[in-house]
Amino acid sequence: MPTTPAPVTTTPDSLSPAAPTRPRPGPPPRPRPRVLLAGTGAAVTALLLLVSVGTLLHQPLLIPPLAASMALVAGAPDLPLSQPRSVVGGQLLSALTGFAVLAVAGPGLWGAAVAGGLALGVMMCARTPHSPAAATAVIVALQAPPFWSFLGLLALASLLLVAVGLAGARAAGRTYPSYWF
C-alpha cells in the first residue's frame with residue numbers, strides 16, 4: 001500500500017539558516033545635540049507663541065492637537081504627517097469635518113467619536129494625513145466653538161507652527177519641508 005508523506009510544517013525554529021530574515025527594528029538613533037536643541041527650542045517657542053497670541057486675542061490657541069502637531073513638525077520633519085500641506089490642510093479639514101458632524105448631531109461624545117473617525121477619512125481623501133488633526137474634529141464636535149473665529153485662529157496657529165518649524169529646521173541644519181503642496 002502506497003504511503004503518502006506527511007505534510008511538512010515549518011515553524012520559525014525549523015527554518016533553514018539560509019532563509020533571508022529581516023533585522024529587528026530598534027529605536028531611532030539619538031539625535032545630534034544641535035538637532036535636539038533646535039527641535040526642542042522650536043517646539044517650546046511655537047507653543048509659547050500660541051499662548052501669547054491667544055492671550056492677546058483673548059482666545060485659547062494652545063489646544064492639545066496643536067501641541068501634537070508641533071511635536072511632529074519639530075521631531076520628525078521628514079514624515080508626510082509633518083509637511084505644511086498636512087499640518088495646515090489636515091487641521092482645517094478636520095475642523096470642517098467636526099463642524100459638519102456638529103450641524104447634524106449636535107455637541108456630544110457620540111458625535112465627537114464620529115467626527116474624529118470621519119476626519120481621518122477626509123484627510124486620507126485629500127492626501128493631507130495629520131493624525132493630531134483628528135483630535136481637532138473631536139474638540140469641535142464636543143465644544144461647538146464659533147465657526148469663523150475658530151477656523152481663522154486654527155489657520156493662524158497652523159501657519160505659525162509651520163513657520164517656526166521652518167526656522168527650527170534651518171537652525172538645526174535640516175531640510176523642512178520636504179514638499180509644500
Closest approach of [X] to [Y] (non-hydrogen atoms, all atoms of both residues):
X	Y	answer
A95	F150	CB-CE2, 4.0 Å
P177	L166	CD-CD1, 3.9 Å
A74	G39	CB-O, 3.4 Å
A115	A137	O-CB, 3.6 Å
P132	S69	CB-OG, 3.7 Å
A112	V138	O-CG2, 3.5 Å

Verify, without hydrogens or angle tests, whether [X] (side chain) and [Y] (backbone) share a donor-acceptor contact under 3.5 angstrom.
X	Y	value
S86	P129	yes
S82	D78	no
R85	P80	no
Q83	P77	yes
T97	L118	no

Gap between atom [atom2] of [Y] and atom [atom1] of [X] - 0.5 Å precision:
X	Y	atom1	atom2	answer
M70	T45	CE	OG1	8.0 Å
L96	T136	CG	OG1	11.0 Å
L154	I63	CG	CD1	6.0 Å
L57	S149	CG	OG	10.5 Å

Under 4.5 Å between any side-chain heavy atoms of [X] and [Y], yes or no?
X	Y	result
V140	P145	yes
Q143	P107	no
M124	L120	yes
L156	L160	no
L161	Q91	no

Please answer: with hydrophobic residues joined when any side-chain heavy atoms are less than 4.5 Å apart, are [X] and [Y] in the same cluster?
X	Y	answer
V73	L81	no
L92	V53	yes
V88	L47	yes
I139	L93	no
L159	L49	yes

Got a sec, which pairs hit side-chain hydrogen bond (donor to acceptor under 3.5 Å, both in side chains) with one end in residues 101-129, sequence neighbours left out? none
In short, side-chain hydrogen bond (donor to acceptor under 3.5 Å, both in side chains) pairs touching residues 159-181 with sequence neighbours left out are none
